Amino acid sequence: MQRQPLIILTGPTAVGKTALSIGLAKALNGEIISADSMQVYRHMDIGTAKIKPEQMQGIRHYLIDELEPSIEFNVATFQSKCRQYMKEIYSRSKIPILVGGTGFYIQSVLYSVDFSQTETDNLYRKELADFAKHKGNEALHARLMEIDKKSADAIHPNNVKRVIRALEYYKQTGHKISEHNEEQHKKESDYQFRYYVLSLPREILYERINRRVDLMKEEGLTKEVKSLLEMGCTRDMVSMQGLGYKEIIDALEGRDTLDHAYERIKQETRHFAKRQFTWFRRERDVTWLEKEKFADEEALLRYCINDCKEYLKIEK
RNA sequence: GGCGACUUAGCCAAGUGGUAAGGCACGGGACUGCAACUCCCUGAUCACCGGUUCAAAUCCGAUAGUCGCCU
């Protein structure tokens, strides 16, 4: 079977993915699926730097504004929705372009990671979390050691979240997650793809981040968060753990000052960008697009279009 | 001009004679159902010069810088 074409455009936050994505979609008859864990949520526009309808220029976008903030979103649901949309896009003879900074989500689709069969077991998760809280992280980790030494060796005891998932996986499937991961890791992609990572020198990117946060403040991020709280959102929701939201909530609920909250957002966004670099650096088969090496956005776009045509044999 | 205080890694900061805590930042890394999450790793010889002492960031003196007060 001929593998289907897939374009991925990612990179650290604030690097300028959105602008490029529209140009690509227009030139290559593409439609955009957002690979962003926060932009799926409605009412969260400013803090997620979400693309505005008028910026879309008629290009169809998926997985943007699809969920209420109270709904939990995760890789597995992302994957299934994304696949479904890709199918639709292919059926119209168009090309899906995955755009967004959540590397984990991209990976799940690109390598068709298997998430089937299990439901999240919140009760069990909570039980394990409590266990760790009372008996200590090491004690929980010891439990993992008993059933899956390989995972235990790979996961640091303090990384409680991952230890819990490994234990949950075993309870649900009776298999070791380390074995599962190993298998998944060997997979080749089912797609004929180009995986672009847009980048900029660190200092420039950090300046852009700082400026962007200042802009969010001016545009009324505080107000946006206020109205989310009025809608009934609480800090423990997945959506409210997004950068810019948890910090402002802290300020609004009196645990921090507003000025300090905005400083924290800048700082944490920089940290986030750094983590994204780490992620993309170790992904295999990625094509780095160092923005500063192109004369301008126009040149960058032209390069991308030609590169896609060459590798994906797209005619249009 | 005089008097006093201070001077420890990029920043904050313990340590007051026995051989440099910690936090933050920066940098690096992990990550396969919460991922804008969660987690891990990483740095100095203590302003400078001289002295006392077996031993000094820690005591003494000089120099420089910073801050405060006074004339």
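Throughout, a chain's letter reflects where its sequence line sits, starting with A, and its residues are numbered from 1. Predicted model, so just to flag it, every value in this text is computed and none were measured.
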Enumerate the protein-to-nucleotides 27-30 of chain B contacts in which both atoms are nitrogen or oxygen and the separation is below 3.5 Å.
| unit_1 | atom_1 | unit_2 | atom_2 | d |
| --- | --- | --- | --- | --- |
| B/G27 | OP1 | A/R202 | NH1 | 3.2 |
| B/G27 | OP2 | A/Y206 | OH | 3.3 |
| B/G28 | OP1 | A/R202 | NH2 | 3.3 |
| B/G28 | OP2 | A/R202 | NH1 | 3.2 |
| B/G28 | OP2 | A/R202 | NH2 | 3.2 |
| B/G28 | N7 | A/K274 | NZ | 2.6 |
| B/G29 | OP2 | A/R281 | NE | 3.2 |
| B/G29 | OP2 | A/R281 | NH2 | 2.5 |

| task | For A/D285, check side-chain contact (heavy atoms from CB on, under 4.5 Å) against everything at least two apart and list the hits. | result | A/Y111, A/F193
Any donor-acceptor pair under 3.5 Å linking the side-chain atoms of [Y] with those of [X]?
X: A/D259; Y: A/T257; result: no
X: A/K187; Y: A/Q184; result: yes
X: A/Y311; Y: A/Q192; result: no

| request: State whether the number of non-hydrogen atoms from other residues, nucleotides or ligands found under 6.0 Å of A/K223 atom NZ is greater than 12. | output: no
| said: Taking the minimum atom-to-atom distance to the side chain of A/H156, which one of B/C40, B/A36, B/G33 wins? | reply: B/C40
| Among B/C39, B/C26, B/A36, the nucleotide that comes nearest once only the side chain of A/Q39 is considered | B/A36
| message | Given the structure, check if the side chain of A/D36 and the base of B/A36 hold any donor-acceptor pair shorter than 3.5 Å. | response | yes
Without decimals, in angstroms, what is the distance between [X] [atom1] and [N] [atom2]?
X: A/N137; N: B/C39; atom1: CG; atom2: P; value: 9 Å
X: A/H271; N: B/C24; atom1: NE2; atom2: P; value: 9 Å
X: A/K246; N: B/A36; atom1: NZ; atom2: P; value: 10 Å

| message | Can you pull out every ring-ring contact (aromatic ring centres under 6.0 Å, His included) where at least one residue sits in residues 38-89 of chain A? Sequence neighbours excluded, please. | response | A/Y62-A/Y85, A/F73-A/Y105, A/F78-A/Y105
| message | Is the base of B/G33 stacked against the aromatic ring of A/F115, taking ring centres under 5.5 Å apart and planes under 30° as the test? | response | no
Under 3.5 Å donor-acceptor pairs involving side-chain atoms of residues 7-20 of chain A, not counting sequence neighbours:
| unit_1 | atom_1 | unit_2 | atom_2 | d |
| --- | --- | --- | --- | --- |
| A/T10 | OG1 | A/G100 | O | 2.6 |
| A/T13 | OG1 | A/R212 | NH1 | 3.4 |
| A/K17 | NZ | A/G11 | O | 3.1 |
| A/K17 | NZ | A/P12 | O | 3.0 |

[M] and [N], which share atom name [atom1], separated by this distance in whole Å:
N: B/C26; M: B/U45; atom1: P; answer: 23 Å
N: B/A56; M: B/U52; atom1: P; answer: 11 Å
N: B/C48; M: B/C11; atom1: P; answer: 15 Å

Is any side-chain nitrogen or oxygen of [X] closer than 4.0 Å to OP1 or OP2 of [N]?
X: A/Q267; N: B/C26; answer: yes
X: A/Y105; N: B/A35; answer: yes
X: A/S37; N: B/A36; answer: yes

| task | For A/H180, enumerate each residue passing the ring pair (Phe, Tyr, Trp, His ring centres under 6.0 Å) test, keeping only those at least two apart in sequence or located in another chain. | result | A/Y169
| RNA chain B: stems of at least 3 consecutive Watson-Crick or G-U pairs whose donor-acceptor distances fall under 3.5 Å | B:1-7 with B:64-70, B:10-12 with B:22-24, B:27-30 with B:38-41, B:49-51 with B:59-61
